[in-house]
There are 2 protein chains.
Amino acid sequence: MAPKIVNRQEKRRSILMAAMKVFAEKGFTKARMADIAETAGVGKGTIYEYFASREELFKETFLFFFEDFKKKSDYIIREVHSPAEQLSMYIKELSQTLRETHKDFLPVIMDFWAEGVRNRNKMASIHKLMKEAYTDFRHTLSGIISNGIANGEFEEIDPSLSASAIMAAVDGLFLQWVIDPQIFDLCMAVEEVADFFLKGILKRDRI
Amino acid sequence: MAPKIVNRQEKRRSILMAAMKVFAEKGFTKARMADIAETAGVGKGTIYEYFASREELFKETFLFFFEDFKKKSDYIIREVHSPAEQLSMYIKELSQTLRETHKDFLPVIMDFWAEGVRNRNKMASIHKLMKEAYTDFRHTLSGIISNGIANGEFEEIDPSLSASAIMAAVDGLFLQWVIDPQIFDLCMAVEEVADFFLKGILKRDRI
DNA sequence: TTAATATGACCGACCAGTCGGTCATATTAG
DNA sequence: CTAATATGACCGACTGGTCGGTCATATTAA
């Protein structure tokens with residue numbers, strides 16, 4: 001019955017995609033291996049031929065999202081050269097990704113956070129992944145800011161803390177938007193806040 | 001004919017406290033009724049004499065935290081009269097509450113968020129509570145800001161969006177701090193960001 | 001006063017259902 | 001044929017919530 005699937009990588013991928021779809025619909029906690037198997041069109045046992053556990057599927061999903069955004073942001077950094085522009089593009093991309101791509105994955109994103117915070121239990125690895133992801137974000141952003149300071153575009157602010165502040169604003173607005181999408185449009189809100197921030201750190205007068 | 005002289009309110013409260021303790025240790029999802037019963041020193045069935053379900057226990061816990069903060073913030077609003085001062089005190093109180101009181105309740109707070117977002121399922125009530133809480137925060141903050149604008153302390157900014165931004169910054173920094181407490185001290189970070197924000201909205205020159 | 005009785009708080013064994021993961025078997029490929 | 005792979009029935013661990021029975025104590029009758 002099982003046909004001529006040959007490429008293991010490909011099959012692994014298709015199972016992962018099915019898992020992501022189910023996660024998206026139900027969230028990690030409520031996603032059942034049986035659902036994933038059915039969605040992938042394979043037997044439940046087959047999943048375990050490709051993934052050690054439900055947790056591994058979850059981790060891979062997290063990495064998928066992270067690396068997806070990373071690719072886009074790397075592109076921005078590479079193609080745009082003014083730190084101020086980089087910053088504003090980066091932030092915009094982040095909010096758009098959250099709003100559009102991730103819209104359907106809300107429950108999963110929340111589960112990432114919820115699990116990422118619990119660093120005591122056996123899901124510690126998710127905490128580690130998330131910590132690394134945030135460190136990476138912070139590093140990228142503070143790099144941009146440092147450049148801006150160096151070339152005189154920005155005031156002499158604390159790059160790391162500023163990076164944290166930007167990420168915080170995006171995450172926090174996202175959270176409010178998720179709870180009640182009526183109050184504002186995520187991208188607009190993020191943009192306004194980013195503008196305010198930029199205005200605050202841009203050197204007014206370069207004599 | 002009440003046989004035993006049991007203060008029902010008091011007992012209810014003690015069970016709730018036990019639940020909060022267990023939630024704090026394990027998070028809502030992993031907290032078992034059996035654990036709560038043992039911690040409270042009562043039989044499992046007894047819990048159901050006071051609370052309809054595990055979910056109700058969870059909701060009450062949320063309300064407990066929310067109302068606790070609300071009390072403190074009301075006091076600030078009442079006692080301090082300059083909007084700029086109110087704002088800065090309010091933010092400080094919020095971050096302190098998060099850092100100190102809520103430190104041990106991290107897994108629960110994350111569960112509030114995670115559950116609050118899932119507004120489709122039967123826990124819809126948590127979503128509603130959370131939405132109300134956020135609306136309340138936003139309302140308080142934008143009220144302060146409106147006052148500040150009216151009396152000329154602040155620039156003519158959008159009170160609601162500014163309120164959202166402040167909340168976002170606090171929530172977002174909290175999140176990062178939770179994931180990695182090393183990178184900064186929550187209260188310091190919040191204070192710096194708040195100062196930056198205040199500097200940006202304070203009217204520099206009045207005539 | 002005290003014994004009989006009524007009340008409802010309390011309990012934990014139990015139920016019914018769930019789900020992640022395993023493994024004996026089936027299918028296919030070579 | 002043998003090895004590799006796929007499968008889903010099955011297992012065992014776990015859990016939220018229930019229910020019939022118990023018993024401490026308030027009430028009452030004598």
Side-chain angles (χ1 to χ4, degrees), chain A residues 1-23 25-61 107-108 111 115 118 121-123 125-126, chain B residues 1-20 22-23 25-61 107-108 111 115 118 121-126:
Chain A
M1 309 312 184
K4 51 278 166 186
I5 295 294
V6 257
N7 189 333
R8 253 189 103 77
Q9 275 310 314
E10 225 165 76
K11 184 130 192 186
R12 199 186 134 91
R13 177 76 165 215
S14 83
I15 291 175
L16 179 60
M17 287 306 161
M20 284 171 58
K21 192 172 171 192
V22 176
F23 286 157
E25 279 160 13
K26 315 206 170 192
F28 173 69
T29 343
K30 292 287 173 197
R32 302 292 148 232
M33 295 306 267
D35 304 329
I36 296 172
E38 195 185 1
T39 304
V42 302
K44 188 151 74 86
T46 308
I47 298 178
Y48 288 90
E49 301 280 341
Y50 294 85
F51 297 90
S53 67
R54 196 157 148 276
E55 272 73 22
E56 190 174 316
L57 237 14
F58 189 53
K59 277 196 284 181
E60 298 266 356
T61 302
V108 199
D111 282 324
E115 290 301 332
R118 282 196 253 292
N121 64 12
K122 58 182 168 184
M123 289 281 280
S125 42
I126 281 283
Chain B
M1 314 323 185
K4 282 196 190 177
I5 24 154
V6 179
N7 185 335
R8 267 190 88 81
Q9 274 311 317
E10 223 166 76
K11 185 123 194 190
R12 201 185 133 91
R13 176 76 165 217
S14 84
I15 290 174
L16 179 59
M17 289 305 162
M20 286 171 57
V22 175
F23 286 156
E25 278 160 14
K26 315 207 170 189
F28 173 69
T29 343
K30 292 286 172 200
R32 303 291 147 233
M33 294 305 268
D35 303 329
I36 295 172
E38 196 185 0
T39 304
V42 302
K44 187 151 79 81
T46 307
I47 297 178
Y48 289 89
E49 300 280 341
Y50 294 85
F51 297 90
S53 65
R54 196 158 147 273
E55 272 71 23
E56 190 174 316
L57 236 15
F58 189 53
K59 278 196 284 180
E60 298 267 355
T61 301
V108 200
D111 282 323
E115 291 300 333
R118 283 195 253 290
N121 64 13
K122 58 182 169 184
M123 289 281 279
S125 42
I126 280 283

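None of these values were measured; they are calculated from a predicted model.
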Under 4.5 Å between any side-chain heavy atoms of B:Arg12 and B:Glu60, yes or no? yes

Donor-acceptor under 3.5 Å (B:Thr46 side chain, B:Val42 main chain): no

In whole angstrom, give the distance that lies between atom OH of A:Tyr48 and atom C1' of D:dT5. 18 Å

Nucleotide D:dC19, atom P - distance to CD of B:Glu49 in whole Å: 12 Å

For the side chain of B:Arg8, starting at C-beta, report the closest nucleotide among C:dG21, C:dA9, D:dA6. C:dA9

Do side-chain atoms of A:Asp111 reach the backbone of A:Phe28 as a donor and acceptor pair under 3.5 angstrom? yes

Rounded to the nearest angstrom, tell me the gap between atom CD1 in A:Ile47 and atom P in C:dG20. 10 Å

Verify, without hydrogens or angle tests, whether A:Arg54 (side chain) and A:Ala31 (backbone) share a donor-acceptor contact under 3.5 angstrom. yes

Which of these nucleotides, D:dG17, C:dC11, D:dG8, is closest to any side-chain atom of A:Lys44? D:dG8

Rounded to whole Å, the CZ-P distance (A:Arg12 to D:dA6) equals 14 Å

Considering only nitrogen or oxygen atoms on both sides, find all protein atoms under 3.5 Å from nucleotides 16-19 of chain C and state each distance.
from, atom 1, to, atom 2, distance (Å)
C:dC19, OP1, A:Arg32, NE, 2.7
C:dC19, O5', A:Arg32, NE, 3.1

B:Ile36 CD1 to C:dG12 P, in whole Å, measures 16 Å

When you get a sec, tell me which of C:dG21, C:dA9, D:dA6 is the closest nucleotide to the side chain of A:Glu55? C:dG21

